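This structure is a prediction, so every number in the text was calculated from the model and none was measured.
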Amino acid sequence: MSLTPRLPREADQSGVPLDSLSIREQLGRLLAHPLFANSRRYPALLAYTVEQTLLGNSSELKERSIGIEVFGRVPSYDSNADPVVRITAGEVRKRLSQYYYDPAHSRELVIELPTGSYVPAFRQPGQPNGAAADAIAPVQTPPAAAPAENAHPASRHPVWRWLRVAGLVALSLVVGLGIGRHYAPAAPVTNMDRFWEPITAGTNPTTFCLGEPARSADAGTPVTPGDSGSINPPVEFSLRNRGNLALSDVITLTRAAAALEARHRTFRVLPASQATFSQLREGPIVLIGAFDNLWTLRLTRDLRYGFETLNGVNRLVDRKGDRPTSWATDWDSQHQVQSRDYAIVARIHDRTTGQPVIIAAGISDEGTQAAGELLYNPMYLDSLVARAAPDWEHKNLEAVIETQVIEGHSGPPHVVAVETW
């Protein structure tokens, strides 16, 4: 599936065509790899610098502008006291080296971040490092997509808009090119096959519906859905909702879409605000994200486990237990070394849309990412099935997932509760 127009090709010194589409496809492979997918900072910096270079804006890739655009620093921040860009760039260089050191990637297009520069270089496999600068000329964007002249680099392209372009587009392209091969079902029918069977059995395309951060109308400040436009200070900032899509949702999309590609099923991707009820009635649905996805909130409001906001705190609740239980992230500890997040993983037949639905939704982005990990990793899915009813595959299923969040990164998903009916 192609979401961007093919741009004119440039040839490297070996005469092999090299264009922005192939570079974005390779960027998608990198972002989907565990070296980058399990982090927020590294893929954000890599995606932003690659996209800016492809758009001909490499001269603007300076430490301060990256700190403002990618990491939300104020324009006057002290880069010596806060070297987040330098530290992250160094880690990106190391991870790129680790990725290409693997012989399995020896034939892939090479994306590098040269030492002492924030401008990535691109070259064909086997081409010497020194030739990277001449391997491709800056790709010019068609006039219709060109950025506004004289716009300040910090306000022209917010980081999550770039992640939408570099993540959603490139990762979808990679998925379409066969990332799902790694998850092809074995000869015996597995729990993974059984779990996804209601989605993959039909012929209609599956709709992936991704959450979108709610924003106030005046200053673009995140707000809580259903809060009538009032600003909710710490909670939504903790969700890292700073633009069109959350990086964790894009990563979860990539992992979940692999299950469909492995079974040669088609799909489409829609932001929650653009997904209409009639579209959701057309085929199976995968909902990603909770408080930034109104469709998730609507389709889970009658389930045993669902999402609620009380006194400005987003939480996951048990509505039908003998002793109602709620799970909430300790937002007061969000900047500490360790905390917890919770998520719902569900597979239901929704009466409202008449379609099978899979849900991967966390209180915050770490929870969503952990839920997505359960949907593509057989070991974690087996741990859920082990706690479900014996005939779970013929029933609706909903589970609560807990994950440890250490230094801003989600750990393995652990099943806290399961309901089948």
Side-chain angles (χ1 to χ4, degrees), residues 1 3 158-165 167-169 171-172 175 199 204-217 220-229 232 235-257 260 267-303 305-309 314 316 343-348 350-369 371-372 375 398:
M1 54 183 292
L3 302 181
V159 60
W160 295 116
R161 181 178 175 186
W162 288 115
L163 287 176
R164 181 177 184 178
V165 175
L168 183 56
V169 174
L171 295 183
S172 297
V175 171
I199 303 294
N204 292 341
T206 297
T207 297
F208 282 87
C209 181
L210 274 66
E212 293 177 286
R215 304 176 71 85
S216 67
T221 306
V223 298
T224 300
D227 199 25
S228 302
N232 181 18
V235 176
E236 291 295 309
F237 282 105
S238 302
L239 296 173
R240 295 160 183 87
N241 291 339
R242 297 183 180 177
N244 295 322
L245 295 174
L247 178 60
S248 61
D249 290 359
V250 177
I251 293 173
T252 302
L253 162 68
T254 307
R255 291 170 168 172
L260 300 187
F267 63 91
R268 63 185 175 187
V269 180
L270 294 175
S273 66
Q274 298 180 22
T276 65
F277 179 66
S278 60
Q279 287 175 319
L280 296 182
R281 291 197 62 194
E282 293 174 358
I285 308 163
V286 178
L287 298 175
I288 297 176
F291 290 98
D292 59 353
N293 190 331
L294 293 179
W295 286 111
T296 299
L297 300 180
R298 290 173 183 172
L299 269 61
T300 58
R301 62 189 174 190
D302 294 327
L303 302 183
Y305 306 114
F307 298 97
E308 294 181 0
T309 300
N314 292 341
L316 196 160
I344 284 177
V345 171
R347 191 202 67 169
I348 63 174
D350 177 56
R351 294 181 179 179
T352 303
T353 61
Q355 296 296 335
V357 179
I358 284 180
I359 300 171
I363 295 176
S364 74
D365 50 0
E366 289 89 356
T368 297
Q369 197 162 331
L375 290 182
E398 185 185 24

**Item:** Glu398: partners by side-chain contact (heavy atoms from CB on, under 4.5 Å), with sequence neighbours left out
**Value:** Leu303, Arg304, Tyr305, Ile344, Ala346, Trp421
**Request:** For Ala360, enumerate each residue passing the side-chain contact (heavy atoms from CB on, under 4.5 Å) test, keeping only those at least two apart in sequence or located in another chain.
**Result:** Thr252, Ala371, Leu375
**Asked** Within the distance-only criterion (no hydrogens, no angle test), does the side chain of Thr300 pair as donor or acceptor with the backbone N or O of Gly306 below 3.5 angstrom?
**Response** no
**Asked** Do you know the tightest heavy-atom contact between Trp295 and Ala272?
**Response** NE1-O, 3.5 Å
**Prompt:** Any donor and acceptor pair, going by atom type alone, linking the side chain of Asn293 with main-chain N or O of Ile288 inside 3.5 Å?
**Reply:** yes
**Asked** Mind checking whether Ile251 and Gln369 have side chains closer than 4.5 Å, heavy atoms only?
**Response** yes
**Message:** Working to the nearest 0.5 angstrom, can you tell me the gap between Arg255 CZ and Leu253 CG?
**Reply:** 11.5 Å
**Prompt:** Hey, what do you get for CD (Glu308) to CZ (Phe291), rounding to the nearest 0.5 Å?
**Reply:** 8.5 Å
**Request:** Please report the closest heavy-atom contact between Gly362 and Ala343, naming both atoms and the distance.
**Result:** CA-CB, 3.5 Å
**Fill in**
Sorted by chain and residue number, the side chain to side chain donor-acceptor pair (under 3.5 Å) partners of Thr207 (sequence neighbours excluded) come out as Arg268
**Item:** Heavy-atom closest pair, residues Gly283 and Asn204
**Value:** CA-CB, 4.1 Å
**Message:** Testing the basics here: between Arg281 and Gln355, what is the closest heavy-atom pair and its distance to 0.1 Å?
**Reply:** O-NE2, 2.8 Å
**Request:** Please list, chain by chain and in numerical order, all residues satisfying side chain to side chain donor-acceptor pair (under 3.5 Å) with Thr276, sequence neighbours excluded.
**Result:** Ser278, Gln279
**Message:** I'd like to know whether CZ of Arg298 has more than 12 heavy-atom contacts from other residues, nucleotides or ligands below 6.0 angstrom.
**Reply:** yes
**Exercise: identify the closest heavy-atom pair between Ile285 and Leu287** = CG2-CD2, 3.7 Å
**Fill in**
Residues at least two apart in sequence or cross-chain that pass ring-ring contact (aromatic ring centres under 6.0 Å, His included) with Phe208, listed by chain then number, are Phe267
**Asked** Do the side chains of Asp249 and Asp292 get nearer than 4.5 Å, heavy atoms only?
**Response** yes
**Item:** Minimal non-hydrogen separation, Ile359 against Val357, with atom names
**Value:** CG1-CG1, 3.8 Å
**Complete:** Separation between CG (Leu260) and OG1 (Thr206), nearest 0.5 Å, reads 5.0 Å
**Point-to-point distance, once rounded to the nearest 0.5 Å, from OG1 of Thr353 to CG of Leu280** = 7.0 Å
**Fill in**
Sorted by chain and number, sequence neighbours left out, side chain to side chain donor-acceptor pair (under 3.5 Å) with Thr352 holds for none
**Message:** Could you go through Arg347 and Ile358, starting from their C-alpha distance and side-chain angles, then the distance that decides it, and tell me whether this counts as side-chain contact (heavy atoms from CB on, under 4.5 Å)?
**Reply:** CA-CA 4 Å; Arg347 191 202 67 169; Ile358 284 180; 3.8 Å; yes
